[in-house]
Amino acid sequence: MYIYNLLYNRYGDLGWWPAETPFEVAVGAILTQNTSWNNVELSIQNLKKKIDLNPEELLRLDIDELKLLIKPSGFYNQKAERLKIFSKFVSVEYSGDIKYLDRFKTSDARNILLSLKGIGKETADSILLYACEHPIFVIDKYTMRMFNRVGVGWPEKYDIFQKNIMKLLPHDLNIYRHYHALIVENSKNYCRSKPICEGCPIAKICKKTILNK
Ligand code: SF4
């Protein structure tokens, strides 16, 4: 919790995930694969100008038009197909209510999402944590990079990182939600591919800080 506290003291509650509905969270989680959040925001704005962003309306949207609307997020052919598959699943299985996943155990809900084409671990966990109420830690490249620079020395494998981080933290939905957002924010500001360690809120405990070299 020490790193969490240092980050939280600097950035506070970042209000992540920014979305009006749980379904919008899931759409954002699919669109953000391999692209920046700014690009996702543009796509979501385009979608919301055209439709009410819910599974039924997304399903009714012509696929070519959908591709055009989400083009800012890149890989729009794949992502349009993934959005259609996901929308159909939520619409048919859960009457359009993604929160139905809260009725399952976290591991079962996760397996359900992972069985859908184009939903990987990071996307599934983002949906479970932010669209639903499942306490599960989201791992991404920022998390692995920052923790390894700090000095944990864990192999950069999704499941290992997730298990190790969750062992160190209270099993708490809000802490997991805040922590992921804090890591992303700190990675954008300081712990970039070329880190800017001066001013980083965790520099004093980070083993890799250039300030210590
Ligand atoms: S001190 Fe430097 S290397 Fe360590 S977390 Fe901060 S930016 Fe990254």
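Whatever order the structure lists ligands and atoms in, that order sets their numbers, starting from 1. Quick caveat: nothing in here was measured; it's all calculated off a predicted structure. Quick note: numbers below take in every heavy atom, side chains included, and nothing from hydrogens, waters or symmetry partners.
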Can you tell me how the ring of Tyr94 sits relative to the ring of Phe89, calling it parallel under 30°, perpendicular over 60° and tilted otherwise?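 Ring orientation of Tyr94 relative to Phe89: perpendicular.
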Check Lys117 with Glu81, please: is the shortest side-chain N to carboxylate O separation under 4.0 Å?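 Salt bridge flag = yes for Lys117 with Glu81.
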Can you check side-chain hydrogen bond (donor to acceptor under 3.5 Å, both in side chains) on Thr143 and Asp140, steps first, answer last? CA-CA 5 Å; Thr143 309; Asp140 60 6; 2.6 Å; yes
Numbering the atoms of ligand 1 from 1, which are under 4.0 Å from a heavy atom of [X]?
| X | value |
| --- | --- |
| Cys206 | 1 (S), 3 (S), 4 (Fe), 5 (S) |
| Ile202 | 5 (S) |
| Tyr190 | 7 (S) |
| Arg149 | 3 (S) |
| Ala203 | 1 (S) |

Mind running salt bridge (charged side-chain N to carboxylate O under 4.0 Å, His left out) on Lys99 and Glu133 for me, showing each step along the way? CA-CA 8 Å; Lys99 299 286 283 176; Glu133 312 271 325; 3.0 Å; yes
Would the distance check show the side chain of Tyr130 and the main-chain N or O of Arg177 forming a donor-acceptor pair, the cut-off being under 3.5 Å?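 Yes: the side chain of Tyr130 pairs with the backbone of Arg177.
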Regarding atom 6 (Fe) of ligand 1: of the candidates Cys200, Cys191, Gly151, Gly199, which has the closest heavy atom?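 Of the listed residues, Cys200 has the closest heavy atom.
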